[in-house]
Asks: 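Following this message is one structure expressed as C-alpha cells.
What's counted below: heavy atoms across the whole structure, side chains too, no hydrogens, waters or symmetry copies.
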Amino acid sequence: MRDCQYTDYKYIMQDVSSIYLGAKYTYEELTENEEIPFKIKSLVNRYIKQELSEEGVSLESHFYYMEEKGFAYQTFLQLKTKVRISILEQKKRRKGEPAYVSRTLKLQDFVKIPPDEKKEKGILIQEISFSKLALAAVV
C-alpha cells in the first residue's frame, strides 16, 4: 500500500516579483522542504518559530488568527505579504446560490477581520505571497 500524503495547497511558486506559498504548509514542512529557498527557511527559523506556541502550526491557521501585534506580524508586514482567500459570496448573476470567490488582500487588511467574522463569512486561506525584493532586504 502506498503512503498517501495530502498535498493540495502545499506548493511554492515564484514569478519575477513574488513568492507564493500554499497555505496548508506547516512551518516545519517549510524548513524541511528542499524546494523552499534558504532565505525563507532562515526567516522562519529566526523570526517566526520563536513566536509560535506549539509545533505543527500551518500557515493557514497562523494567519487566520494573527493579530496586529507581535514580531511575526511585523516581519510579514515588512515582506509586503498578501493573503489569497476564498470567500462565500452571493453571485450577482445567480440569485439564491452562494459560491466561493477568490480575493487577494493585503496582510494588514486581512488581519483587521476578526476570526469570528472570518468563520461567519466562510473565509478559507489558499495562499500566502510576499515580495522577493522585500525578502532580499530581510535576513
Asks: For Phe71, enumerate each residue passing the ring pair (Phe, Tyr, Trp, His ring centres under 6.0 Å) test, keeping only those at least two apart in sequence or located in another chain.
Replies: Tyr47

Asks: Working to the nearest 0.5 Å, report the span between CD1 of Ile12 and OH of Tyr20.
Replies: 11.5 Å

Asks: Can you tell me how far apart CD1 (Ile123) and CD1 (Ile113) are? Round to the nearest 0.5 Å.
Replies: 4.5 Å

Asks: For Gln50 and Arg46, indicate whether the former's side chain and the latter's backbone hold a donor-acceptor pair under 3.5 Å.
Replies: yes

Asks: Answer yes or no: is there an ion pair linking Arg103 with Glu89, defined by an N-O contact shorter than 4.0 Å?
Replies: yes

Asks: Hey, could you give me the CD1/OG1 distance between Ile19 and Thr81, rounded to the nearest 0.5 Å?
Replies: 10.5 Å

Asks: Backbone N or O of Leu30 within a donor-acceptor pair of the Lys41 side chain at under 3.5 Å?
Replies: no

Asks: Take Leu21 and Phe130 through the test side-chain contact (heavy atoms from CB on, under 4.5 Å) and record every step on the way to the result.
Replies: CA-CA 9 Å; Leu21 296 173; Phe130 43 87; 3.8 Å; yes

Asks: Does Phe76 have any ring pair (Phe, Tyr, Trp, His ring centres under 6.0 Å) partners at least two apart in sequence or in another chain, and if so, which?
Replies: Phe63

Asks: Do other residues, nucleotides or ligands put more than 12 heavy atoms under 6.0 Å from Leu52 CG?
Replies: yes

Asks: Should the heavy atoms of other residues, nucleotides or ligands under 6.0 Å from NZ of Lys80 be counted, would the total exceed 12?
Replies: no

Asks: Could you please spell out the steps behind the side-chain contact (heavy atoms from CB on, under 4.5 Å) verdict for Leu88 and Val101?
Replies: CA-CA 6 Å; Leu88 197 56; Val101 179; over 6 Å; no

Asks: Is it the case that Asn33 and Tyr25 place a side-chain donor and acceptor less than 3.5 Å from each other?
Replies: yes

Asks: Does any pair with a residue in residues 61-79 pass salt bridge (Lys or Arg N to Asp or Glu O under 4.0 Å), and if so which ones, sequence neighbours excluded?
Replies: Glu67-Lys69

Asks: The test is side chain to side chain donor-acceptor pair (under 3.5 Å); show your working for Tyr11 and Glu35 and say whether it passes.
Replies: CA-CA 9 Å; Tyr11 59 86; Glu35 295 176 10; over 6 Å; no

Asks: Quick check against the 3.5 Å criterion: does Ser61 have a side-chain atom that pairs as donor or acceptor with the backbone of Val57?
Replies: no

Asks: So Ser17 and Lys132, do their side chains get closer than 4.5 Å, heavy atoms only?
Replies: no

